[in-house]
Amino acid sequence: MVPTGKARRATTVRLARRRPGPGRVRVRRPAGLRRWWRRIDWGRTGTITAVAAALAGLLLTGVSTLYDALVSQGELEQARQAADDPGVLPVKQAPSCGDG
């Protein structure tokens, strides 16, 4: 039972911090002798890679759109020529094998 007038306080037990001894301290290398993957600024590298991939995607989209426009233009010219030539029958009016 809690005595009246006094509230119970929550206490936390904290362990004493061990000081680093000579056997537990890791020697830091100088900045020039760090490993190659630690010398790279990965944020900048990722950003540059993402920008390059986006530009490549835009370039590929532009080239494919241009190619599609050229193919469509060629098909349209071919259809106009076929429509102007009276010797060429449309597909629906072409004779079939059974008409003999």
Side-chain angles (χ1 to χ4, degrees):
M1 183 167 200
V2 178
T4 56
K6 293 187 178 181
R8 176 184 263 176
R9 289 188 181 174
T11 59
T12 52
V13 178
R14 295 183 184 156
L15 297 175
R17 186 173 160 210
R18 292 179 66 183
R19 293 180 168 233
R24 292 186 299 269
V25 176
R26 189 172 7 154
V27 178
R28 288 189 164 223
R29 296 180 185 194
L33 297 177
R34 293 189 304 178
R35 301 275 186 206
W36 65 269
W37 61 85
R38 298 208 184 259
R39 284 181 271 166
I40 296 175
D41 183 9
W42 289 107
R44 180 182 292 173
T45 303
T47 302
I48 291 172
T49 304
V51 167
L55 288 176
L58 284 174
L59 181 67
L60 183 65
T61 303
V63 169
S64 65
T65 303
L66 178 65
Y67 180 74
D68 187 35
L70 292 175
V71 168
S72 297
Q73 185 179 10
E75 289 176 354
L76 184 60
E77 288 176 9
Q78 187 178 9
R80 284 183 184 158
Q81 288 176 357
D84 292 340
D85 188 11
V88 177
L89 296 175
V91 175
K92 291 182 181 177
Q93 296 177 359
S96 63
C97 295
D99 291 343

*Asks:* Got a sec, which residues hit salt bridge (charged side-chain N to carboxylate O under 4.0 Å, His left out) with Asp41, two or more places apart in sequence or on another chain?
*Replies:* Arg44
*Asks:* Just list the side-chain donor-acceptor pairs under 3.5 Å for residues 63-72, sequence neighbours left out, or say none.
*Replies:*
from	atom 1	to	atom 2	distance (Å)
Ser64	OG	Leu60	O	3.2
Ser64	OG	Thr61	O	2.9
Thr65	OG1	Thr61	O	2.8
Ser72	OG	Asp68	O	2.9

*Asks:* Ignoring hydrogens and angles, write down the donor-acceptor pairs under 3.5 Å from the side chains of residues 48-57, residues two or more places apart or on other chains.
*Replies:*
from	atom 1	to	atom 2	distance (Å)
Thr49	OG1	Thr45	O	2.8

